[in-house]
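Everything on this sheet refers to the single structure shown next.
Just the heavy atoms: all of them, side chains too, but no hydrogens, waters or symmetry mates, feed the values below. Predicted, not measured: the structure shown is a model, and the values here were computed from it. Here is how names work: the chains are called A, B, and so on, in the same order as the sequence lines, proteins then strands, and each is numbered from 1.
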Amino acid sequence: MSNLKEATPTPDAQRPVAVDPSTGTILAADSAGAYLRASLVRIKGGETGILPVVAGLLLVSVLFQVANSHFLTAGNLVNLLVQASVFSLLAMGEVFALLLGEIDLSIGFVAGLSAVVMAELVKPTVGWPWWAAIAAALVVCALIGILQGTLITRIGLPSFVVTLAGLLFWEGVMLYILGDGGSILIQDNIVNDIGSGTLTRLGGWVVMLVVVGLYATQSWRRDQRRRDAGLMAPPRSLSMAKILAVLAAGVLLVLLCNADRGVLVPVYGMPWVILLVFAVVALWTFVLGRLKFGRYIYAIGGNAEAARRAGINLRRIRTTAFMLCSFTAGIAGVVYASRLRSISTALDGGTLVLYSVAAAVIGGTSLFGGRGKAMHGVIGGIVIAAIDNGMGLLGFSAAAKYIVTALVLLIAVTIDAVARRNRP
Amino acid sequence: MTTTTEGTAPTGPASGEEMPLLRLRGVSKHFGPVQALTEVDLDIPAGQVTALAGDNGAGKSVMIKTISGIHPPDDGQMWWGGKPMNVHTPAEAAALGIETVYQDLALCDNLDIVQNMFLGRERMQRGQLNEESMENAARETLASLAVTTVRSVRQAVASLSGGQRQSVAIAKAVLWNSKLVIMDEPTAALGVAQTAMVLALVRRLADRGHAVLIVSHNMNDVFEVADRIAVLRLGRMVAERPAAEMDRQIVVDLMTTGVSTRVAQPRPSAE
């Protein structure tokens, strides 16, 4: 058979790594260098992951920092992350729809409706406890997702149309509930703290160490399992380096958050909302990466017919994905209202949903289905918030912000398209 | 290969001393007024490659779908390993050990080789995907089939060549302890070297004891790989013989003109 062996796309890339002669697969690379070279081959092959957007984010940061030295201060960076939270959460929801090769245009106003439901229920005249009000809002959003998903999968309507109708319908419902007053104040302290509360300095350290500790054990055990099974795995040194890098990032984040960023009164500590975004991204990463359900979402986005033949229940998976999309939007709505300490008819769900699609795509999620991660939504959300924040510091108008955001979106899609063109 | 199923009686299970893995007798299938298969008899022995030839519209695809449970027959009998077989869904056929590789391969480009091979039948551990176990099984299967050209089983299928994709699709079918692998035009879109690679793979499957049913238009492929050749014409089985008793011209005649004309001249020698 050896004479039939085809030339691999990048034959020279095989040299540095140990290759199993029977299968041709790359075995555990024996040195960190070899593993990194193997990774480089994958990147050259078009599997760029989040690298382009992280590079872009760094570039944008440097530009803004040069133009205005306030950009990279602790206070501004933490504010930026808090600003990004609503975009990031919405974009993570949108990722579920995009992975299927569908789109959900309704989530901006679904988030708005979530905020309205929660705000109505925690009003002193109604008097629900904060957790019950939030749970009710999220349940409403999940039901909306199931309804829209069912229309899409059972009747076979295009998701674009169903969720476009959803955009209009849920805006109408939201305005109807808000009524003449046009806004609801939130007086519940815990609800307001979701958007503006912070941990104590010590609390920030403890939480960070616990989170990094969990990540380290998970990551180390996974790499170890792969090494034990004789599969391609990063060498111990690299596994350790990865964990230390995460620890360093955690330390940096806590230091940033613990610095005093107040203007009139001291403000410091890790904002709750950053932890919330972390929790959601961890949860959805687990669901998409480690569960059958997640695998099936990718399969449907890649080739729905293949998924159907493999015995996957397309309707159930698709409907569930739309449910999770709306559910995540519901979380975003709670955060939105909590940051403003109120909810009003000023909520622009149309712009929010377009930003969420842009954030997911900027982060690296494909519009054509099958490629994307929860993390992409978070990073894309941060990019959009960074542009908004940085240009705001430089005194640009909203008009300029829209134009620059549009250009960044185009650049992100172009990088993705060019990288994929290198594929065989 | 070693066993010759040629001597078996042409009818019924009663003679059952040497039942092939799959036996069809008098199988018919119609869709509304269209008679797709008419009283088809076919034996598919283990360890051999059976080629199913026929012109467009002869009923080859319906035949495959009947065996793989997509279109259960209206009439007739099927025996699997000597026992009456009654499958109504692809899942039931898969449970028996019948796997089909369709022409479009049904692979997800965005998933890697392991993920494709286990799609829909993932191995789980404490509620989570057991990637290590799946990756090892996929590598072992590919190695056992001597599929040597893939760089890594964690490569996305999008980065594979046509022949490699076909190999992955076949390996996917083999992974499930399948006894019968059905292939629809496995070489249709492949170049010369890749065709040879896939045909060698088909040969190895049979040598490992799988029964293989291969549908092909390509006479070169049929004669290169098949042990037995069955010819369908307008939904009827017009011939079913060892490949050594046929030649290209006979098969073409059978495909185009059917029973009446040249069936009577089987020369035992090839060309």
Practice item. Check whether any side-chain N or O of B:N110 sits under 3.5 Å from a backbone N or O of A:G301 as a donor-acceptor pair, and report yes or no. Key: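 The answer is no, because no donor-acceptor pair under 3.5 Å joins these two groups.
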Interatomic distance, [X] atom [atom1] to [Y] atom [atom2] [nearest 0.5 angstrom]:
X	Y	atom1	atom2	result
A:R290	B:Q128	CZ	CD	5.0 Å
B:Y102	A:R309	OH	CZ	6.5 Å
B:R154	A:L231	CZ	CG	8.0 Å
A:R371	B:D109	CZ	CG	11.5 Å
B:L129	A:R295	CG	CZ	5.0 Å
B:M124	A:K292	CE	NZ	5.5 Å

Can you confirm whether more than 12 heavy atoms, excluding those of [X], are under 6.0 Å from its [atom1] atom?
X	atom1	value
A:M240	CE	no
A:F160	CZ	no
A:D228	CG	yes
A:R316	CZ	no
A:R221	CZ	no

Check your understanding: Which region of A:I312, side chain (C-beta onward) or backbone (N, CA, C, O), has a non-hydrogen atom less than 4.5 Å from a non-hydrogen atom of chain B, or is it both or neither?
Key ->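 The answer is the side chain of A:I312.
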**Study point:** Side chain, backbone, both or neither of A:R226 within contact of chain B (heavy atoms, under 4.5 Å)
**Key:**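 When you check distances to chain B, atoms from both the backbone and side chain of A:R226 fall under 4.5 Å.
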Practice item. Check whether B:L119 gets within reach of chain A through its side chain, its backbone, both or neither, counting any heavy atom under 4.5 Å. Key: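 For B:L119, the contact with chain A is made by backbone and side chain together.
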Check your understanding: Which bit of B:N130 is near chain A, if near means a heavy-atom gap under 4.5 Å: side chain, backbone, both or neither?
Key ->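 Neither the backbone nor the side chain of B:N130 comes within 4.5 Å of chain A.
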Exercise for review: Find the one option among B:T100, B:L105, B:N136, B:V157 whose heavy-atom pairs under 4.5 Å with chain A are most numerous.
Suggested key: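 It is B:N136.
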Point to revise | Shortest non-hydrogen contact from A:A299 toward B:C108 | key: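 That would be O-SG, 3.4 Å.
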**Study point:** A:R225 and B:E131 ion-paired at < 4.0 Å
**Key:**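 No.
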